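Step one of this worksheet: look at the structure below.
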Amino acid sequence: MKRVRKAIIPAAGLGTRFLPVTKAMPKEMLPIVDKPTIQYIVEEAIDSGIEDIIIVTGKGKRAIEDHFDHNYELEDNLMKKGKFELLEKTKQSSKVTLHYIRQKEPLGLGHAVWCARKFIGEEPFAVLLGDDIVQAEKPCLKQLIDHYEETGGSVIGVQQVPYDQTHRYGIVDPNEQKGNSYSVNQFVEKPEAGTAPSNLAIMGRYVLSPKIFPYLEDQELGAGGEVQLTDAIQRLNETQSVFAYDFEGKRYDVGEKIGFIQTTIEFALENEEIGPDVQAIITKLAEDLKQKQN
Ligand code: G1P
């Protein structure tokens with residue numbers, strides 16, 4: 001069985017939910033405390049054993065490339081000042097090689113993944129979406145890779161969401177369950193409210209067979225008038241079983257404002273350097289709010 005060595009991170013989206021900040025800055029560079037969101041995703045891939053990552057970018061995404069590149073001037077400056085801890089934080093990991101390709105037209109997630117087909121070749125590969133950050137003891141992607149190594153089948157990370165949220169996700173119609181793993185009758189992208197076959201939602205982590213590419217190549221437009229990865233996965237599932245895996249860990253939705261703020265607060269509270277101060281600020285705010293209400 002071929003090992004999962006390569007990953008695709010689609011990062012070509014316009015980030016309209018965060019305008020105006022995303023007018024001149026990629027949404028993937030918005031920071032949670034002191035790291036851009038995409039760095040959390042890259043770190044999860046590295047911790048899961050991925051060796052090569054291709055980031056699918058678009059217009060105005062230069063800052064992502066700069067972020068993961070060396071900055072010799074800065075490194076030299078930190079070195080001379082003896083700021084070794086900061087130096088370590090700014091250095092690019094040597095465990096992974098990053099590659100970039102541009103999606104020339106915004107045709108959807110399925111099309112973005114298809115753009116990386118030549119880089120992937122004939123190997124199984126991972127896809128990680130930047131809107132979902134997962135904190136888990138065993139990295140979320142590693143859980144999926146372990147499942148792939150046991151079964152040899154493609155596997156999609158899922159978690160339960162409230163039924164009134166199912167229209168925002170790809171949803172799974174599960175068949176047989178074995179532990180955390182399900183065989184799947186159908187994958188449906190963004191079902192209309194009240195029509196979802198379950199509340200098991202696709203959470204932006206995939207291990208896929210390269211057999212998906214021919215389906216992506218001629219995939220008709222789906223939900224939102226876009227080429228949907230979920231639709232091609234469903235076609236793949238009709239010829240070879242694709243599993244859904246209910247992964248362990250807490251998933252943070254950094255693709256919309258409230259989720260982003262919540263993630264920022266929780267990560268700040270856990271941060272060694274600023275956690276206690278943030279705790280004090282929140283306690284004070286809560287007291288002030290209580291007083292105002294009385
Ligand atoms: C994408 C996928 C969807 C998945 C979601 C998870 O949708 O198409 O299946 O549930 O990510 O974040 P998007 O949020 O990009 O519209």
Side-chain angles (χ1 to χ4, degrees), residues 7-18 22 26-28 30 32 37-38 40-41 44 55-58 61 103 106-116 126-135 140-141 144 154-174 182 184 186-193 195-208 212 215-216 219-237 242-247 249-260 262-263:
I8 303 175
I9 301 181
L14 296 175
T16 41
R17 284 188 201 142
F18 287 94
T22 45
K27 73 166 178 179
E28 295 77 10
L30 294 177
I32 305 286
T37 55
I38 194 166
Y40 292 93
I41 309 297
E44 182 188 326
I55 301 183
V56 185
T57 67
K61 301 281 182 169
Q103 182 184 21
L107 296 178
L109 175 60
H111 178 258
V113 170
W114 178 80
C115 287
V127 178
L128 300 99
L129 304 188
D131 284 349
D132 306 286
I133 293 180
V134 182
Q135 285 219 312
C140 175
L141 181 61
L144 299 191
S154 300
V155 52
I156 317 297
V158 297
Q159 275 196 342
Q160 293 192 22
V161 295
Y163 268 97
D164 65 359
Q165 294 292 309
T166 49
H167 63 282
R168 295 180 49 212
Y169 297 93
I171 298 290
V172 160
D173 177 7
Y182 297 85
V184 176
Q186 218 179 349
F187 293 87
V188 198
E189 181 65 13
K190 306 207 172 73
E192 273 178 38
T195 68
S198 82
N199 65 341
L200 285 174
I202 297 174
M203 287 304 180
R205 296 294 183 275
Y206 311 75
V207 171
L208 294 169
I212 190 93
Y215 295 119
L216 287 172
Q219 185 59 52
E220 284 174 14
L221 301 183
E226 296 189 342
V227 179
Q228 294 292 351
L229 180 58
T230 305
D231 294 343
I233 290 172
Q234 172 49 27
R235 288 167 73 202
L236 180 66
N237 188 38
V242 177
F243 297 94
Y245 187 81
D246 191 350
F247 59 84
K250 181 159 184 188
R251 171 253 179 184
Y252 293 88
D253 181 2
V254 295
E256 48 97 28
K257 279 181 218 165
I258 295 293
F260 189 89
Q262 184 179 343
T263 312

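Remember, predicted model here, so these are calculated numbers, not experimental data. Whatever order the structure lists ligands and atoms in, that order sets their numbers, starting from 1. For reference, positions follow the sequence shown, starting with 1.
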Specify the protein heavy atom at minimum distance from atom 7 (O) of ligand 1: its residue, its atom name, and the distance to 0.1 Å.
-> K190 NZ, 3.4 Å

Is the closest heavy atom of T230 to ligand 1 under 4.0 Å?
-> yes

So, the side chain of Q103 versus the backbone of H111: is there a donor-acceptor pair under 3.5 Å, distance only?
-> no

Check for a donor-acceptor pair, side chain of E256 on one end and backbone N or O of G259 on the other, with a separation under 3.5 Å.
-> yes

Tell me, do I171 and N199 make a side-chain contact under 4.5 Å, heavy atoms counted?
-> no

Qualifying residues under salt bridge (Lys or Arg N to Asp or Glu O under 4.0 Å), relative to R17, sequence neighbours excluded = none

Tell me, which protein residue and heavy-atom name are nearest atom 6 (C) of ligand 1, and how many Å apart are they?
-> I202 O, 3.4 Å

Look at D253 together with R168 and state whether they make a salt bridge at an N to O cut-off of under 4.0 Å.
-> yes

Going by the 4.0 angstrom heavy-atom rule, the piece of L129 near ligand 1 is side chain

At a 4.0 Å threshold, what atoms of ligand 1 neighbour a non-hydrogen atom of D132?
-> 6 (C), 12 (O)

Does some non-hydrogen atom of the protein lie less than 4.0 angstrom from atom 15 (O) of ligand 1?
-> no

Here the atoms of ligand 1 under 4.0 Å from any heavy atom belonging to L109 are 2 (C), 8 (O)

Is it the case that R235 and Q219 place a side-chain donor and acceptor less than 3.5 Å from each other?
-> yes

Would the Y182 and Y245 ring centres measure less than 6.0 Å apart?
-> no

Report yes if some N/O of E189 lies less than 3.5 Å from some N/O of ligand 1; otherwise report no.
-> yes

Give yes if a backbone or side-chain nitrogen or oxygen of G170 is under 3.5 Å from a nitrogen or oxygen of ligand 1, and no if not.
-> yes

Given the rule in the ring pair (Phe, Tyr, Trp, His ring centres under 6.0 Å) test, do F260 and F18 qualify, once you have shown the distances and angles that lead to the verdict?
-> CA-CA 10 Å; F260 189 89; F18 287 94; 5.6 Å; yes

Ligand 1 contact on R168 by region, counting heavy-atom pairs under 4.0 Å | neither

Ligand 1 to Q228, heavy atom cutoff 4.0 Å, flagged ligand atoms 8 (O)

